[in-house]
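Some notes on the structure that comes next.
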There are 2 protein chains.
Amino acid sequence: MSGEQTVPGSPGPSRRRGAVLEEAILRAAADELLESGYPGLTMDRVAKRAGTNKNAIYRRWPNRAALGVAAYSRLVKAQTQPPDTGTLRGDVLALLRRINCDQASPTGEILRSLLAGVGDEPELLAELQSQVGDGGSATWLTVLGRAVARGEAPPKALHPRVATVALTLLRNEYVTQGLSRIPDTVITEIVDEVYLPLIRGRATG
Amino acid sequence: MSGEQTVPGSPGPSRRRGAVLEEAILRAAADELLESGYPGLTMDRVAKRAGTNKNAIYRRWPNRAALGVAAYSRLVKAQTQPPDTGTLRGDVLALLRRINCDQASPTGEILRSLLAGVGDEPELLAELQSQVGDGGSATWLTVLGRAVARGEAPPKALHPRVATVALTLLRNEYVTQGLSRIPDTVITEIVDEVYLPLIRGRATG
DNA sequence: TCGCTAAGGTACGAAACGTACCCTAAGTTC
DNA sequence: GAACTTAGGGTACGTTTCGTACCTTAGCGA
């Protein structure tokens with residue numbers, strides 16, 4: 001929570017413009033998302049928190065959903081460096097746990113709300129999807145590729161739908177269970193009961 | 001679309017009560033869901049369409065989300081008879097295609113909206129989940145059980161998380177792709193690239 | 001026949017989206 | 001350095017929709 005964004009020390013009108021103001025708005029929106037979720041993401045409140053008004057927001061984003069997606073993108077960006085623990089199981093567990101820790105606490109509820117908020121606008125849906133979903137497709141293929149190089153997995157496993165199954169199952173937990181953080185037992189179950197049997201089973205089956 | 005629910009032939013006030021009125025409201029709400037989706041599910045419009053007013057609705061459901069979930073349940077109930085084609089692949093394909101035909105056209109968008117609309121109310125989320133998600137868990141276990149009996153799958157495959165993987169992947173398509181109906185190639189890909197390798201791979205891997 | 005319950009009609013307050021209008025500060029150009 | 005253009009600030013407004021309140025009226029049972 002970065003608190004209010006009005007420049008505190010300057011009494012006179014020191015007016016932010018352009019990218020600076022845009023950053024302040026996005027930060028305020030992201031904070032609101034974290035605190036109150038997407039239903040609590042009110043244009044008036046974001047404007048107030050950013051120390052500006054709705055005009056400045058609507059000049060940049062056409063509606064609340066677009067602002068929500070943009071703010072959400074700020075929350076979940078960053079971590080795309082795939083782990084390298086030396087084993088496929090270790091890498092997959094690390095990936096899922098990282099998602100569960102860094103993203104999950106707000107993501108479950110917020111993502112669920114946003115998926116609805118974007119409604120019929122496919123552009124926003126695509127952006128959400130690229131942020132959350134198969135934005136990580138490359139990551140998973142990297143991890144799997146190393147496993148293939150080590151002989152842990154057959155080359156046939158390098159298939160996007162196969163590679164991302166673990167992420168899909170984890171996201172399904174977020175969406176359908178309504179939990180903010182998934183228990184680690186569920187993660188290990190996904191890995192040991194589904195993902196690794198799927199990957200390795202393809203080697204012999 | 002069942003149209004307006006006001007009794008057409010009777011000019012005088014012929015007032016419906018109890019279960020009859022409740023049915024009319026639910027049907028009106030379901031029709032609104034089909035026509036306009038959850039965002040278009042307005043209490044005033046449902047009341048008007050059902051030929052009643054908001055009082056009668058709020059006396060039965062505490063808020064819009066509850067009415068939405070109840071109406072949605074009407075839309076997706078019915079089909080729970082598992083298919084029996086003689087092969088696991090045939091059964092799984094039949095299940096997914098049935099879901100894709102009977103449910104999908106409205107389900108994708110509506111489900112996405114509802115998942116958000118229920119927001120923080122876990123009871124409604126659980127009801128949604130039981131209607132859409134693991135309401136089918138028993139179905140999938142039945143299908144898998146027959147496959148085990150035929151020797152098509154190992155008994156270890158009779159695990160809820162494993163059994164429902166195909167459904168989870170299909171639902172993931174609905175939620176993240178924003179399509180009302182999934183192409184059949186995606187369904188066969190889910191079955192042939194993920195589900196069957198997962199089930200059969202466990203036999204040998 | 002007489003109440004009691006529930007439905008109908010309507011109006012209202014609150015919240016929030018999105019728009020409009022005018023004023024003013026920050027850059028920009030000459 | 002002055003005029004001009006652009007963009008931010010403040011505010012008010014119209015609209016929609018949720019959820020509530022209040023009163024009237026019809027159906028049903030005792």
| message | Given the ring of B:Tyr38, does B:Arg64 sit roughly above its face, with NZ or CZ under 6.0 Å from the centre of the six-membered ring and within 45° of the axis? | response | yes
| Hey, does the side chain of A:Arg59 come within less than 4.0 Å of D:dT6's phosphate (OP1/OP2), counting only N and O? | no
| message | Nearest whole Å is fine: how far is C:dC17 C1' from A:Leu67 CG? | response | 13 Å
| Checking B:Thr87 side chain against B:Gly90 main chain: does a donor-acceptor pair fall under 3.5 Å? | yes
| request: Report the distance from atom CE of B:Met43 to atom C1' of C:dG13, rounded to the nearest whole Å. | output: 17 Å
| How close or far is atom C1' of C:dG27 from atom CG of A:Leu21, stated in whole angstroms? | 15 Å
| said: Output the rounded distance in Å from OH (A:Tyr58) to P (D:dG8). | reply: 16 Å
| task | May I have the distance from B:Asp44 (atom CG) to D:dT17 (atom C1'), rounded to whole angstrom? | result | 7 Å
| query | Do NZ/NE/NH1/NH2 and the carboxylate oxygens of B:Glu23 and B:Arg74 come within less than 4.0 Å? | reply | yes
| note | When A:Lys54 and B:Arg60 are each assigned the nearest nucleotide of DNA chain C, the 5'-most assignment goes to B:Arg60
| Is a salt bridge present between A:Lys48 and A:Glu32, judged by a nitrogen-to-oxygen distance below 4.0 Å? | no
| message | At less than 3.5 Å, do the side-chain atoms of B:Asn53 and the base atoms of C:dG9 form a donor-acceptor pair? | response | yes
| Taking only side-chain nitrogens and oxygens of B:Arg64, does any of them come within less than 4.0 Å of OP1 or OP2 of D:dT16? | no
| Base, sugar-phosphate, or nothing for B:Ile57, non-hydrogen atoms under 4.0 angstrom? | nothing
| remark: Whole-Å distance, A:Trp61 CH2 to C:dG18 P, equals 14 Å
| task | To the nearest Å, give me how far apart CG (B:Asn63) and P (D:dT17) are. | result | 17 Å
| query | Does any donor-acceptor pair link the side chain of A:Asn55 with the base of C:dA20 at a separation under 3.5 Å? | reply | yes
| In whole angstrom, what separates A:Arg16's CZ from D:dG10's P? | 10 Å
| said: Tell me whether B:Thr85 contacts the main-chain N or O of B:Asp91 through its side chain, where contact means a donor paired with an acceptor under 3.5 Å. | reply: yes
